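Have a look at the structure below before the remarks.
Here the structure is a predicted model, which means the values were calculated and not measured. Side chains included, hydrogens not; waters and symmetry mates left out as well; all remaining heavy atoms used.
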Amino acid sequence: MSSVTVFVLPQDFAAQELLDTYERWVREGLVGEAAFVLPEFVDDSHSGPPLVSAEIIGPERGQLSETSSVGAIDVLRERKNLFVYLNSRRRDRVRVVVAQLLTFDSHTRDPEFARKAESVANQVVRAMPTSTVAGGHSTRVQRFNVLIPVSGLTGVSPDALFLGWDVNAIVSAEDHPDADHGNMRVHYPGNAVGHALTALATIGGVVSGIDAGPFD
């Protein structure tokens, strides 16, 4: 199965850190190719469908770098039109994963981000082929809204949910203590970006060696 994941990130404190961390994980062979859309990449200032670009981050031909002594993977990171990228080859599944990183300083719904995130997801649904004949090819599009709070955060508005989407998920911020270790808790600055990206990579089905996401 050919699948691809489009992550929609808010234009906030952690977006660039998430992108740079993802690039490093690609280099280390932990994750595969994915597309990332930030609000600034969405131009809906004109009539008609929005113009959407995406930052594509993934292994470059999957080959090991000749210049690396530790066998790091060469990374391809480039900006492309999202729909040209999605339709560059046949896709069986497209996941649109919206990430909402919630901290004590940033935990209210951003109407502009929500509007653009829903617009991108809706345009992906409309752009993918849907066959009406037996034996024809259809691309399944799944829309996931993921809320990722830091530890101890309360009072998040239900407006953060996207009604009618396939999944609205809340990632637990607690690493519960057990007999072997204590609770590390999730905080920003700190471990929130790695915690968030681990959840997003899992939900997006881009972890190396794992062919599907938990909500597929």
Scan for salt bridge (Lys or Arg N to Asp or Glu O under 4.0 Å) pairs involving [range], sequence neighbours excluded, and state none if there are none.
{"range": "residues 188-207", "result": "none"}
{"range": "residues 45-54", "result": "none"}
{"range": "residues 34-47", "result": "D44-R115"}

Subject >> Chi angles and distances behind the salt bridge (charged side-chain N to carboxylate O under 4.0 Å, His left out) call for K80, E78 >> reply: CA-CA 6 Å; K80 288 186 175 181; E78 60 181 347; 3.3 Å; yes
Taking the side chain as C-beta and beyond, is there a heavy-atom pair between [X] and [Y] under 4.5 Å?
{"X": "V171", "Y": "H195", "value": "yes"}
{"X": "F41", "Y": "R79", "value": "yes"}
{"X": "N145", "Y": "L147", "value": "yes"}
{"X": "V94", "Y": "V124", "value": "yes"}
{"X": "S53", "Y": "N81", "value": "no"}
{"X": "E55", "Y": "L19", "value": "yes"}

**OP:** Mind checking the CD1-CD spacing from I203 to Q142? Nearest 0.5 Å is all I need.
**Re:** 12.0 Å
Same hydrophobic cluster for [X] and [Y], using side-chain heavy-atom links shorter than 4.5 Å among ILVMFWY?
{"X": "V207", "Y": "L200", "result": "no"}
{"X": "V37", "Y": "L51", "result": "no"}
{"X": "L153", "Y": "I170", "result": "yes"}

**OP:** With sequence neighbours excluded, tell me which residues meet side-chain contact (heavy atoms from CB on, under 4.5 Å) with D159.
**Re:** R109, S157
Suppose we screen for side chain to side chain donor-acceptor pair (under 3.5 Å). Which residues come up paired with [X], at least two apart in sequence or across chains?
{"X": "S88", "result": "none"}
{"X": "R95", "result": "T5, D216"}
{"X": "E23", "result": "R27, R77"}
{"X": "N87", "result": "none"}

Original post:
Is the side chain of S2 donor-acceptor paired with the backbone N or O of R90 at a distance under 3.5 Å, no angle test?
Top reply: yes
**OP:** Would you confirm whether D166, through its side chain, and R143, through its main-chain N or O, come within 3.5 Å as a donor-acceptor pair?
**Re:** yes
Original post:
Taking atom CD1 of I56 as the centre, does the number of heavy atoms from other residues, nucleotides or ligands within less than 6.0 Å exceed 12?
Top reply: yes
Subject >> Least distance between heavy atoms, A117 atom then V98 atom >> reply: CB-CG2, 3.9 Å
Original post:
To which residues is L76 joined in a hydrophobic cluster, defined by side-chain heavy-atom contacts under 4.5 Å among Ile, Leu, Val, Met, Phe, Trp and Tyr, whether direct or through other members?
Top reply: none
Subject >> Row check, F83 ring normal vs R91 NZ/CZ: under 6.0 Å, within 45° >> reply: no
Original post:
Can you list every pair that meets side chain to side chain donor-acceptor pair (under 3.5 Å) and has a residue in residues 201-213, with sequence neighbours left out?
Top reply: none
Original post:
Which residue pairs pass the ring-ring contact (aromatic ring centres under 6.0 Å, His included) test with at least one member in residues 138-162, sequence neighbours excluded?
Top reply: F144-F215, F162-W165
Subject >> Under the ring pair (Phe, Tyr, Trp, His ring centres under 6.0 Å) test, residues paired with Y22 that sit two or more places apart >> reply: F36
